[in-house]
Every structure is written in structure tokens, then in C-alpha cells.
Protein chains: 2
Amino acid sequence: MARPTIADIATRAGVSKGAVSFALNGRPGVSDATRERILKIAEQMSWRPHSAARALGASRVDSVGMVIARPARTLGVEPFFAHLLSGVQSGLSAESISLQLLIVEDTAAEIEVYRRWASEHRVDGVILVDLTVKDPRVDELKALELPAVVIGGRGGKGALASVWADDRDAMLSIVEYLAALGHRRIAHVAGTPNFQHTQRRIRALRDAAPRLGLVDAPSLTTDFSDAEGAAITRKLLSQSDRPTAIVYDSDVMAVAGLGVAMEMGVSVPGDLSIVAFDDSILTQLMHPALTALSRDTFDFGRQAAEVLLETIADPATVVNRRTPDPVLTVRESTAPPR
Amino acid sequence: MARPTIADIATRAGVSKGAVSFALNGRPGVSDATRERILKIAEQMSWRPHSAARALGASRVDSVGMVIARPARTLGVEPFFAHLLSGVQSGLSAESISLQLLIVEDTAAEIEVYRRWASEHRVDGVILVDLTVKDPRVDELKALELPAVVIGGRGGKGALASVWADDRDAMLSIVEYLAALGHRRIAHVAGTPNFQHTQRRIRALRDAAPRLGLVDAPSLTTDFSDAEGAAITRKLLSQSDRPTAIVYDSDVMAVAGLGVAMEMGVSVPGDLSIVAFDDSILTQLMHPALTALSRDTFDFGRQAAEVLLETIADPATVVNRRTPDPVLTVRESTAPPR
DNA sequence: TGGAATTGATAAACCGGTATAGCTCCCGAA
DNA sequence: TTCGGGAGCTATACCGGTTTATCAATTCCA
């Protein structure tokens, strides 16, 4: 038999389709003996549920979606998404729920995808990344009544469930470390200004500056590209009172910055300390290897998956789960200023 | 109305469900006038097909799968997959078919996924990457009768459809360039020996060596990791008659190799020329920037999607499509030997 | 002009599950 | 002894589409 259905199992077990359904889904309605027998037969016939049939009957598709709205060009460089994806999948696989991944160009396209997914019943819920200030996706998803979890930012006024890390504490751990080394001129090459986490990091630095006695602590926003990271670094290092330490919001920009420093004859870590806000193999491949903030991205994804499943099961309660703080991995690119 | 069904449309148009189905799918059975009217009503009610219902009735799910069997750790570094994915999606989006992505640890797990997908009817076909010699997945997929397309290697004895690049020509373009510069000692830091493309590259180099008058042209296999890339480079550069040029099978290994050279005081490109077999932002971030072989990975993915859709539509004919040859992007890491 | 073929539509079966109303036992309490 | 009630199971409707058998009305052609 090509592909057994529950009807086949029912015939073989001498019971009704309904009884088989009850047995296979572990719900009351059949005796333990019958259940046992049915399960054994299903196993023998190597039965597997037909996802579409189940989706149609139970109005859930056992599938969640994730849309990444970034040009593909800037994507693959960062291990961040690969780790995140793996984590999400590991969180989903326990319930054998599948993941639909889509890479699109911008937020408008992303919202279009959500609309389509909702109307075609293709996913039970979605995972959001790269939350911006006043993010239009939040309202859209609420309107579509599509369960969602936000990664890396709070859902905003209790709107969506979220899994978030404390960017503020993370930034503090970096600058406190640099200040302890003796740095007083610290610059911050930040990411896109409309990202929530960019804002939080900028604010954290600004707030901490007086307490740590920082002379100057500018945050300069970029588009996260290596080109802008390099350009800003060049500008910073050309100043008369140049910073003795630079914090980069991504590993790619940090690497680009390191390149600029070397080009300009600024020795790292002698004349300049460099810290990356994200860790990856990139930071380790460099000479000197870069001090970086490492977080457990895999676990991040796993938790997001868990929270999403909870949200799907019970859309009423909104979970906001905080993940462990990232830790600073000190390597060769940081030292006391000369 | 929350979500219109074709029954709703049928009522409103004063026709039967069947007529609506015919009209919406552009098949004969309704007059042009009626079709027009039905389409307009569907549009007005913003109807979208319920994917599960359609899947159940038409026994196709409008979804294809792709499994990547690599530890997540080694994944995100290479933009390769991000570009490939984007390309695949762009090829699929024309037919609004969705993509299921799964990252697993090894081939055994990958095959398990195929079995599950097949039995649960979750995908109409799959895209295979990283083909090995005597790849067990090929036979498995044929047994499951799951349409598939192989990326970057021929399906083997006309088994599976494929989209492939000519690794042989690619390797030749690199070594001929190096030979023209005057290099006679060229080493090749290859990838995993069981990958088909690794084998093809090794063979291409070996075959070309006599013709180009190469004194020595060893190929050394690795696990694609930066660690092994660095270790092998160290070994090569410690030899008394060390190579004047090294070709790396991946950009990550090339970067690691560059680091080793700098560490050992071997100047690049003065004492050593370096070529990477894959291009990415990584190679451009380095100092010196690395000469690398660039291919249009996005287009690669797009073509794979197209071929897969053809294969799903007509499983009988096996397409083997060759993609344009990659081109060598010369940067600062190559020069004539001293 | 009459029978065959074609067109345009309908009703109903079907895909493979889930959910529910209802039926039959059997047990315990009144 | 009877009746209420729960356990165990069956029959059937249902989810939202697709597909097929059927049929009436029209067109075609000899």
C-alpha cells in the first residue's frame, strides 16, 4: 500500500475512523487496550498524518513562518541568522512543526507575505526580527490576528510576545570594561537608527558616560554595511582628539574598522581598542582577534520558538521572556590606552 | 465575512462551487462572461485559496523543501547560502510556491526529513546541495519518488535533475591565470574529499599541471574549517620549497590562510599569491583584498527553482542545466612571484 | 430535420483527517 | 428493579477546495 490512511488502519483494526483518530491523538474515547492495538497497527503500516488533511480538519497547519527583510547581500555574512534559524528549528522540532523561511527586500514586502500567509492559512504564527521604532508590522499582525513573537525587542505596549536581551546591560558591560582599562574617549559606531536595539544601545552609552567620566562618547549611526563602518572609522581616526576605543554594533563593521586602522597606521590595540557587539568566526579570524560580545544566538532562537508555540496555544496571554545577558569575550583587540 | 470560501463566491455569483473552481483556475467549463463575473466577485471579496484545502484536493502543496546538512556553526559565515536561498525564492515566487528550509546536523538526519516530508505530503519536491560521491540521498529520493534537483553536481547516471557549474573550467581559469603570472609551485587547499566538486577541482588541477609546467601542484583536503585551512597553510609555508601561490576552496579558509602568512612574515602578494574559490564580502574586507572566483549564486538558486518546478510538472524528463562559468575577480592578493 | 457532438453548467463524490451527536453496554445507586 | 450516567465506540457531518459524472441547451452536419 502506497500510503496508508486512518481508514486503512481502521479497517485493519476492525474499528471506526473516529476511534483511530482518538487513539492516534491520545485523547479519550477508546480503551487502553484498543488504543494500544491501533497504535501498533499504525506503526506497522508506518502511517504518518497527511499534513493538509490535518490542517483542514483541525484548522492548524503545524508550520510557522519567519520573514527576513534585508537585502540578501548583507545577510549571509553574519552567522547570526544561521544560528538563530537552527535554534528556532530545534525549538520547533520537538513538536515537529516546520518552518517557512522567506527573505524579502523590505518591510512592505514582508507585510505582504504576512497577509498572504494569513489568508492562505499557511502558518500558525510568525517570528519577527529587526524590530524598528514604531514598527508597522506589529499593528498589521494584530489586525491579521496572526500569533507572533518578536525577537530582540519588546512587543511594545504589551502587544506581541517577545524574547529579548538587555541591550542596555550589554552596552554597559562593554563600556565599563573599557573605562576600567582607562579609556575616556570611546566612540560608538552604531547600526541603523530606526532599529530599536540601536536606540537602546545609544541611550545606554549616553546615560553611562557621565558616571564613567567619559570625555566624549559619540554614537554614529550607519546602515550596518562594511563601507559605512569603514568611512566612519576613517573620520573618527582623523580627528585631532581621536577616540582610544571604538565599539561597533556588528562584527562586519568592526572588521572593516580594523582594516581602516591598520591602513592608517593606527596600531590595535596599542593606539586603539576595538570591541564588536556581535561575535562570530569573523572576529576570530582577524589579527588581532577582536574582543566581542558573545550571546547564545542558538538558544535565543530556541526560546523564541517556545514562546511562539505558547502564544499559538493561548493567544490571550502575552509572554515577554528575557534571555541571559551576553558575555564579553576578551581577545587581542583591547588594551589600556597608551 | 472573516474569510470567504468558494462556496460564498458561488452563492453570490449564483453559480455552483464547481463553476467557481473552474473559473478561478482558468480551466474550461465556464463561459468567458461567467468567468469574468466570478473573478470579479472573488477579487471583491478578496478571496485567497486555503492552502490545506487545495493541497488535499489537488494533492500538491505548492511548497518545496531544502535541507542543509551542516553544523550551523560553519554556515552563516558564507554568504553562499543566503544568496542561494534568495535566488531559489525568487524562482519560486513567480508561481507563489513557498520554501521550507531545514538545517540539520548530518546526512542521516537529512534523509529522515525527506522521509517525513514525503509521508506527510509537506513538499512537492526538494533541492539538494553538497552532493557527495556515491551520495545516499539520490537513491533515497528516487525510492520516495520525491522530485528533486541537485545543485552543483550532476545527478549521477541521469538519476536526478541538476543545475551545475563547471568546476573543472573554474579551476583551470585560476591556475592558468597563476601560471601566466609565472607561478610554478601552486598548492591547493581543498574542501572535504567526499564532495563531488572537491574531487572535480582536484582532478582538474592534476590534469592541468603538466601542460602548464607546474613543478608541484599538491591538493590537500580539509573539513572546510578555518582551523584546518590555517594548519595546512602553516605546513605548506614551512616547507623548504614552499609554494608561491595557494588556491583555497573557500573564502573562509583563504582568509585563515592569509592570517597565517602574515603571522609568519610571508608577504602577500610579494612572497605568496592567494586565490579563493568563492567570493564574498569577506574577501573584500581583507588587506590585501583577495583575488577570488565570483559566481552568480543568486542566479544559481533561481535556476534550481525553475528546474525543480519543471521536474515536478513532468517527473519523466530529467533536466541537467549548466550555469554560466564563474569569473575570476582579480584583487590585491595575486602578483608574479619574486 | 434529426441525431451527434459541443458547450456551460450542476450535483455529488472525494481528499484524509477532526469533531460531535448518538448509540450500546455496563455499573452503581435509589 | 429501574434508572441515571459514564465509558467505549460508531456513524456522520465537516473543513475548503478539486474532480467527475451527468445533464440541458445549443450548435453542427449530413
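Chain naming here is simple, since letters A, B, ... match the order of the sequence lines and numbering starts at 1 in each. Fair warning: this is a prediction, and the values are worked out from it, not measured in the lab.
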So, with a heavy-atom separation below 4.0 Å from DNA chain D, the residues of residues 26-40 of chain B are B:Arg27

If you take all heavy atoms of [X] and [Y], which pair is closest and at what distance?
X: B:Ile38; Y: B:Ala19; result: CD1-O, 3.9 Å
X: B:Val64; Y: B:Val123; result: C-CG1, 3.8 Å
X: A:Ala161; Y: A:Val307; result: CB-CG1, 3.8 Å

So salt bridge (charged side-chain N to carboxylate O under 4.0 Å, His left out) across residues 60-69 of chain A, not counting sequence neighbours, yields A:Arg60-A:Asp62

In short, salt bridge (charged side-chain N to carboxylate O under 4.0 Å, His left out) pairs touching residues 26-44 of chain B with sequence neighbours left out are none

Practice task
Indicate whether OP1 or OP2 belonging to D:dG17 is found under 4.0 Å from a side-chain N or O atom of B:Trp47.
Solution key: yes

Any side-chain N or O of A:Ser16 below 4.0 angstrom from OP1/OP2 of D:dT10? yes

When you check the side-chain N and O atoms of B:Thr132 and B:Asp135, is any donor under 3.5 Å from an acceptor?
-> yes

Take the protein atom [atom1] of [X] and the nucleotide atom [atom2] of [N], then report the distance between them rounded to whole Å.
X: B:Asp8; N: D:dC15; atom1: CG; atom2: C1'; result: 13 Å
X: B:Asn25; N: D:dG16; atom1: CG; atom2: P; result: 17 Å
X: A:His121; N: D:dC15; atom1: NE2; atom2: P; result: 12 Å

Between B:Ala19 and B:Leu56, the residue closer to the 5' end of DNA chain D by nearest nucleotide is B:Leu56

Requested in this report: Under 4.0 Å between any heavy atoms, over every strand shown, what does B:Arg48 touch: base, sugar-phosphate, or nothing? Just pick one.
Outcome: sugar-phosphate

> B:Val20 near the nucleic acid: base, sugar-phosphate alone, or nothing, with a heavy-atom cut-off under 4.0 Å?
Replying inline: nothing

Applying side chain to side chain contact (heavy atoms under 4.5 Å, CB included), run through A:Val20 and A:Lys17 and close with a yes or a no. CA-CA 5 Å; A:Val20 174; A:Lys17 266 173 62 179; 5.7 Å; no

For the side chain of [X] and the backbone of [Y], is there at least one donor-acceptor N/O pair under 3.5 Å apart?
X: A:Thr297; Y: A:Leu84; answer: no
X: A:Arg122; Y: A:Ser63; answer: no
X: B:Arg115; Y: B:Glu140; answer: no
X: B:Glu95; Y: B:Glu306; answer: no

Axis-to-axis angle across the helix from C:dT1-D:dA30 to C:dA30-D:dT1, five pairs each end, nearest 10 degrees, ~ 50°

Task: side chain to side chain contact (heavy atoms under 4.5 Å, CB included) assessment of A:Leu85 paired with A:Leu99 - done: CA-CA 9 Å; A:Leu85 277 178; A:Leu99 178 72; 3.7 Å; yes

Pairs under 3.5 angstrom, nitrogen or oxygen only, protein versus nucleotides 20-27 of chain D, please.
none

Derivation of the side chain to side chain contact (heavy atoms under 4.5 Å, CB included) call for B:Thr5 and B:His50 = CA-CA 8 Å; B:Thr5 70; B:His50 188 303; over 6 Å; no

First and last nt of DNA chain C near chain A, cut-off under 4.0 Å to heavy atoms, 5' to 3', are C:dG16 to C:dT20

Margin query: Does B:Lys17 contact D:dG17 through a side-chain donor or acceptor facing the base, at a distance under 3.5 Å?
Written below: yes

### Message
When you compare the side chain of A:Val138 with that of A:Leu131, does any pair of heavy atoms fall below 4.5 Å?
### Response
yes

